[in-house]
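Working notes, beginning with the structure itself.
Protein chains get the first letters and strands the later ones, always in sequence-line order, with residue 1 at the start of each.
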Amino acid sequence: MPTTLRISDLPAHAGSTVAVNAWVMTTRSSGKIGFIVVRDGSGYLQAVVGKRDVAPDLWERFEGLTQETSVRLEGTVRADARAPGGVELSLSALAVLGPSVEFPITPKEHGTAFLMERRHLWLRSRRQVALMKIRHEVVQAIRDFFHERGFTLVDTPILTGSIGESAGTLFETEYFDLGKAYLAQTGQLYVETACAALGKVYCFGPTFRAEKSKTRRHLTEFWMVEPEVAFADSDANMRLQEEFVSYIVARVLDRRKAELADLERDPKPLESVVPPFHRITYTDAVAKLQGMGSDIVWGKDLGAEDEARLTDGLDRPLFVMNYPKEAKAFYMKENPADPRTVLCDDCLAPGLGEIIGGSQREDDYDLLLARIRAQGLPEESYGWYLDLRRYGTFVHSGFGLGVERTVQWITGTPHIRETIAYPRMMYRLYP
RNA sequence: UCCGGAGUAGCUCAGUCGGUAGAGCAGCCGGCUGUUAACCGGCGGGUCGGGGGUUCGAGUCCCUCCUCCGGAGCCA
């Protein structure tokens, strides 16, 4: 019985007789010669069967193959330039493991509504396989980056009592006898406290926003990585961000060329994503945008169109720094050079928009308490957070990077829903 | 939540001025020894999103509801 191999291992076994377990993507036949293209998750393989070269029952089984049938193929590995992938299999045996009748997703056109209803089957398509592999590479690069730099992973709770930023965008649930609990929309407050224990920390997990967003950049459930660094100011924070983003992009370029090609994503523009990124203050950005015809006024947050105008034509991301206090969260540190603003940054990717929001945190107990009160937040819920400023307070900064937006930007995918296996959106909870 | 668009065959869509429902692909049958979304010939396939109205007659006009898509705001 021949050795069973994954398709990605076949080029090293030219001339050998091997077996492959896989799913049928498509078949073609010219009457006397047949082709089967299969997928096993490691790659794609074309098997060739000649009617005159095999037993009649094998040919019959070939003719009966349908899309997504699971099969065991046996044959000789042969290098052939005509085959997609460089090697093909001259078939000597074929076993149907699991038949597949009328697979709904044909190799022809489908609308997104149709495909989203069948997301569990859509995942098998070449495009979706490439997206999931690149997502995996991004996630692995994130973990490696922080591990290599001495960060400690701290998992923060998903069920929380106190609220992170603004209420009204939180998913609510009952929590035994303790009243309402909320699904976390950030791990930041927790990771800040862990920062005093470990110095350099990050959390990485799902986060939930009940905001009724309907755009190609929003999910209600998405994955976010949030590092927090002790004794780092806003400037150090941005240097970490640009190194981090560049590291992720370089990793994908290095290891996922084939998947980028499957997605027809030109890798060239990604090659210029290296530090330093572009930088502009919010105040300067407003002046520039007004010069470009935007009706933005100082104090208002930048709109999607404004972000597009600022990043249009850029070869790498742009930091917009130091937004007005009123437009940002309560925990951001007041800018000593301009107290109307806070020390923060949004990292805008060209063609997509915000992929990171970061800031230096307010480390003064009285100022932070004043901000909590000014925003009408429930003071009693933040006792533990305020404690961080009572016992050895310290300059610290951090940021949150959205995994799906990062994958969307790197792959050039038009809609964020394809960057996660099972997207959760305002109108979609199935499958 | 607001603004805009769309629901017709399994899929993607066309359907003129209100007058007997169409194409391509998929499926099935046949042909073809190097195909790349193979190709060529044939066949079957319809609650025109639901409900109500106008009309001799509605896929088409009017009202209403539902679903989906895109955009805005919010943000990662």
Side-chain angles (χ1 to χ4, degrees), chain A residues 25-37 44 46-54 59 63-64 66-67 78 80-85 88 90 101-118 125-127 164-170 185-188 204-226 241 245 300-308 323 327-329 345-349 352-358 399-409 414-417 419-420 425-428:
Chain A
M25 303 286 283
T26 178
T27 62
R28 288 181 289 271
S29 170
S30 307
K32 301 290 188 296
I33 184 167
F35 302 90
I36 313 167
V37 178
Y44 301 90
Q46 175 168 277
V48 188
V49 51
K51 189 174 183 179
R52 277 191 235 156
D53 308 329
V54 298
W59 181 259
E63 287 196 305
T66 52
Q67 195 186 350
R78 197 160 38 74
D80 192 315
R82 291 170 296 186
E88 62 182 19
S90 293
V101 181
E102 290 179 24
F103 190 72
I105 301 174
T106 62
K108 300 294 175 183
E109 300 163 51
H110 300 286
T112 50
F114 179 85
L115 292 167
M116 286 304 299
E117 284 294 314
R118 294 155 185 81
S125 73
R126 193 162 181 140
R127 177 180 169 79
E165 294 173 29
S166 48
T169 62
L170 293 152
Q185 60 175 200
T186 173
Q188 185 203 312
F204 190 8
T207 188
F208 307 89
R209 306 270 166 101
E211 190 66 42
K212 293 184 175 176
S213 301
K214 267 198 83 172
T215 82
R216 62 179 69 181
R217 304 182 309 282
H218 286 86
L219 293 167
T220 58
E221 178 181 313
F222 64 96
W223 283 66
M224 183 159 68
V225 56
E226 296 174 277
Q241 288 168 47
V245 170
K300 262 180 57 185
D301 209 347
L302 264 46
E305 200 185 325
D306 292 323
E307 290 187 356
Y323 282 70
K328 288 293 176 183
D345 68 89
D346 282 358
C347 180
L348 309 182
L352 182 79
E354 185 174 357
I355 56 171
I356 289 178
F399 61 89
L401 173 128
V403 169
E404 290 78 13
R405 283 193 185 171
T406 302
V407 173
Q408 190 186 355
W409 167 55
H415 200 297
I416 197 167
R417 65 187 155 213
T419 62
I420 186 167
M425 296 177 297
M426 199 175 150
Y427 294 116
R428 185 156 299 280

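When the nucleotides B/A76, B/C68, B/G34 are ranked by their closest atom to the side chain of A/R78, B/G34 comes out on top. Side-chain atoms of A/M224 lie closest to B/A76 of the nucleotides B/C74, B/U33, B/A76. Among the nucleotides B/U1, B/C75, B/G73, the one closest to the side chain of A/E307 is B/C75. In the set B/G70, B/U1, B/A76, B/G70 carries the atom at the smallest distance from any side-chain atom of A/R417.
Using a 4.0 Å heavy-atom criterion, one finds that A/I355 contacts the sugar-phosphate atoms exclusively. Residue contacts shown for A/G357 are limited to sugar-phosphate atoms, with no base heavy atom under 4.0 Å away. Counting non-hydrogen atoms under 4.0 angstrom, A/Y427 reaches the backbone sugars and phosphates but no base. No engagement by A/R127 is indicated, since no non-hydrogen atom pair under 4.0 Å with the nucleic acid exists. A/K51 comes within 4.0 angstrom of nothing in the nucleic acid, heavy atoms only.
Other residues, nucleotides and ligands contribute over 12 non-hydrogen atoms within 6.0 Å of the CD atom of A/E63.
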Polar-atom pairs under 3.5 Å, protein N or O versus N or O of nucleotides 8-15 of chain B: list them with distances, or write none.
from: B/C11; atom 1: O2'; to: A/E109; atom 2: O; distance (Å): 2.5
from: B/C11; atom 1: O2'; to: A/H110; atom 2: ND1; distance (Å): 2.9
from: B/U12; atom 1: OP1; to: A/G111; atom 2: N; distance (Å): 2.8
from: B/U12; atom 1: O2'; to: A/E109; atom 2: OE1; distance (Å): 3.0

Dot-bracket summary - RNA chain B, pairs being Watson-Crick or G-U whose distances fall under 3.5 Å, with | when paired to another strand: (((((((..((((.....[..)))).(((((.......))))).....(((((..]....))))))))))))....

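Under the stacking definition used here (centres under 5.5 Å, planes under 30°), the residue A/F35 fails to qualify as stacked on the base of B/G34.
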